[in-house]
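The structure appears right after this line, and notes come after that.
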Amino acid sequence: MTEAPATLPPVSVPAASDRNATVPAASFPAATVPAASDRDAGLGLRLLAADERCRRAFAEPGSLLRQLAYPAARRYLVADDLAGLLPRLDLLRARGYRVSAEYVGEEIRDEAEIEQVVLAYLDLLAADAGPLQLGFDLSNVGLLVSRGLAVRNTARILTAAAAHGSEVVLSMERSELVDEILPVFAELAADHPNVGITVQAHLHRTERDLPGLVALGRRIRLVKGVYAEDPGTALGRGPELDERYLALAAHALDGGARLTLATQHAELLAAAERRGLLAGAEEIEMLHGVRPALLRHYREAGYPCRVYTTYGQSWWLHLLHRLAEHPAMALRALADLADPSAAAFGADY
């Protein structure tokens, strides 16, 4: 049996005299945008940072992705190379900041590329005259090839850094590598007083790991943690993580740790100040370009402050992680695409 065709309801056409009448604005519902929290936006940026398709596209010769994103990356990348980095480190020191430097890169398995990274740090130490802290991932200096290679390469850098009066603070990576990173740190700490370690407050295991790390007597750099992890492994951003960060900082200070509070979170730092944690910490550290005016506020208040700088060509992951730290900066990044001159170095320090 064939169905009868559907019929439309009759349309009422207004009289000619009514067709130009003003329709009240209330007749149309206001356009709405689904609410998105900073936590959700940050997670999205971290997932994008971890997307292998983007990483491959960025690494291709003549990468269009690299060209398009570079104006936004300039806000967080101090320089493309060593020659550009050195005068900017001096500028920050002249304004009263301590400085750290990282030669940005992805996880590396090729031994020739690994050697290039090691030489980049040795060249930096040879060329820079001021006090310096280096930071890097063990996965960039050989850990993905072998533990022995990572230990040998890091020891080379630590030895050169000691002669320079500088130190090295190892970065922490995704949770799958923590059990490989911590034994390397412990081995190096036995012979190198100038080595430190980064710990991530969001990882559930950090509450168990911290006492043993503090007992080694080396610098502890406390961060929230930037990698996207499942709930069974880590806390998401929010008040619970903030409270854990403060508790970990208190435990580290109670154990006599030389503590770096590395965060750009204004409310978290204010809470740390109220609890006396800023007075006990050795320094406040912020990543270059994220919230320089906030760091300047604490420097002017008399707290030792450090700017964590990065340089080099492999900056895709660094850019996405910086935006994830403060998702509102994604709008700033889009504005930087339109006006690259807005990211002038040092303007807010």
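As the structure is a computational prediction, the values presented were derived from the model and not from experiment. Just so you know, these numbers use all the heavy atoms, side chains as well, and skip hydrogens, waters and symmetry mates.
- Side-chain heavy-atom separations under 4.5 angstrom define the hydrophobic clusters, and the remaining members of the one that includes L64 are L68.
- Two residues are said to be in side-chain contact when any heavy atoms from C-beta on lie closer than 4.5 Å; E111 and L149 meet this criterion.
- A salt bridge links R156 with E115: the distance from a Lys NZ or Arg NE/NH1/NH2 to an Asp or Glu carboxylate oxygen falls below 4.0 Å.
- The two residues S171 and G135 have their closest heavy-atom pair at OG-C, 4.3 Å.
- Among all heavy-atom pairs drawn from L246 and L277, the shortest one is O-CD1, 3.7 Å.
- Salt-bridge formation is not detected for the pair D242/R237: no Lys NZ or Arg NE/NH1/NH2 atom is positioned less than 4.0 Å from an Asp or Glu carboxylate oxygen.
- In this structure, the side-chain contact (heavy atoms from CB on, under 4.5 Å) partners of A266, at least two apart in sequence or on a different chain, are R291, L294.
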Review point. R219 and E283: salt bridge (Lys or Arg N to Asp or Glu O under 4.0 Å), yes or no, with the steps?
Key: CA-CA 11 Å; R219 179 183 296 280; E283 60 189 13; 3.4 Å; yes
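- Comment: E243 engages R275 in a salt bridge, judged by a side-chain N to carboxylate O separation of less than 4.0 angstrom.
- Pairs of residues two or more places apart, or lying in two chains, never qualify as ring-ring contact (aromatic ring centres under 6.0 Å, His included) while including a residue from residues 168-225.
- For the residue pair L203 and S175, the shortest heavy atom distance occurs at CD2-CB, 4.0 Å.
- Judged by distance alone, with hydrogens and angles left aside, the side-chain atoms of D128 form no donor-acceptor pair with the main-chain N or O of L86 at under 3.5 Å.
- Here CD of E113 is found 5.5 Å from CD1 of I108. Values are rounded to the nearest 0.5 Å.
- Counting non-hydrogen atoms of other residues, nucleotides and ligands closer than 6.0 Å to OH of Y97 gives a total above 12.
- Counting heavy atoms from C-beta outward, D80 and Y70 have side chains that approach closer than 4.5 Å.
- Contact record, L125 with A161: CD1-N, 3.6 Å, taken as the closest heavy-atom pair.
- Follow the hydrophobic side-chain contacts under 4.5 Å out from L261 and you reach V307 in the same cluster.
- Rounding to the nearest 0.5 Å places CD of E240 at 4.5 Å from CG of L235.
- Residue R174 holds its CZ atom at 10.0 Å from CG of D137, rounded to the nearest 0.5 Å.
- At a cut-off of 3.5 Å, with distance as the only test, no side-chain donor of N153 or Y121 sits close to an acceptor on the other residue.
- Using a 4.5 Å cut-off on side-chain heavy atoms (C-beta onward), L210 and L222 make no contact.
- Looking only at side-chain heavy atoms (C-beta outward), V78 and L92 stay at 4.5 Å or farther from each other.
- The line from CD1 of I284 to OG1 of T263 is 10.0 Å long, rounded to the nearest 0.5 Å.
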**Study point:** side-chain contact (heavy atoms from CB on, under 4.5 Å) between L259 and H251, intermediate numbers included
**Key:** CA-CA 10 Å; L259 180 65; H251 292 326; over 6 Å; no
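- For the atom pair CZ of R244 and CD of E207, the computed distance is 4.5 Å after rounding to the nearest 0.5 Å.
- Side-chain atoms of V199 and L248, non-hydrogen and from C-beta on, never get closer than 4.5 Å to each other.
- Looking at R258, its side chain never comes within 3.5 Å of a backbone N or O of E282 through a donor-acceptor pair.
- Closest of all the heavy-atom pairs between D336 and A72 is CB-CA, 4.1 Å.
- The only member of H288, E102, E285 that meets side chain to side chain donor-acceptor pair (under 3.5 Å) when paired with Y308 is E102.
- L323 and V226 fall into different hydrophobic clusters, where Ile, Leu, Val, Met, Phe, Trp and Tyr are joined by side-chain heavy atoms under 4.5 Å apart, directly or via other members.
- At a threshold of 4.5 Å between non-hydrogen side-chain atoms, the residues Y245 and H265 do not count as touching.
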Practice item. Kindly indicate, with the supporting measurements, whether the criterion side-chain contact (heavy atoms from CB on, under 4.5 Å) is fulfilled by R75 and R322. Key: CA-CA 10 Å; R75 182 172 293 275; R322 297 301 67 80; over 6 Å; no
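- Within the 4.5 Å cutoff, side-chain heavy atoms of W316 are placed close to those of L65.
- Judged by distance alone, the side chain of E187 and the main-chain N or O of V151 form no donor-acceptor pair under 3.5 Å.
- Between L170 and T198, the closest side-chain pair of non-hydrogen atoms is not below 4.5 Å.
- Taking every heavy atom of both residues into account, V184 and E180 meet most closely at CG2-O, 3.4 Å.
- With rounding to the nearest 0.5 angstrom, the CG atom of L337 is 10.0 Å from the CZ atom of R332.
- For the 3.5 Å distance criterion, the side chains of T260 and R221 fail to qualify, holding no donor opposite an acceptor.
- Side-chain atoms of T206 come within 3.5 Å of backbone atoms of Q200 as a donor-acceptor pair (strictly under, hydrogens ignored).
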Check your understanding: Could you walk me through whether Y349 and L91 pass the side-chain contact (heavy atoms from CB on, under 4.5 Å) check?
Key -> CA-CA 10 Å; Y349 285 114; L91 185 151; 5.9 Å; no
Check your understanding: Given R74 and F345, is the side-chain contact (heavy atoms from CB on, under 4.5 Å) satisfied, shown in steps?
Key -> CA-CA 9 Å; R74 287 181 63 249; F345 179 81; over 6 Å; no
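- A donor-acceptor pair is defined here as one N or O able to donate and one able to accept, closer than 3.5 Å; such a pair exists between the side chain of T309 and the backbone of S100.
- In the hydrophobic clustering of this structure, L132 does not group with V104; members are Ile, Leu, Val, Met, Phe, Trp, Tyr whose side-chain heavy atoms approach within less than 4.5 Å, directly or through other members.
- Judged by distance alone, the side chains of Y303 and E273 do bring a donor and an acceptor atom under 3.5 Å apart.
- By the rule that hydrophobic residues join a cluster once side-chain heavy atoms approach within less than 4.5 Å of another member, V169 and L188 end up as members of separate clusters.
- By the rule that hydrophobic residues join a cluster once side-chain heavy atoms approach within less than 4.5 Å of another member, L287 and L295 end up as members of separate clusters.
- Counting only distance, with no hydrogens or angles, the side chain of S63 and the backbone of A59 share no donor-acceptor pair below 3.5 Å.
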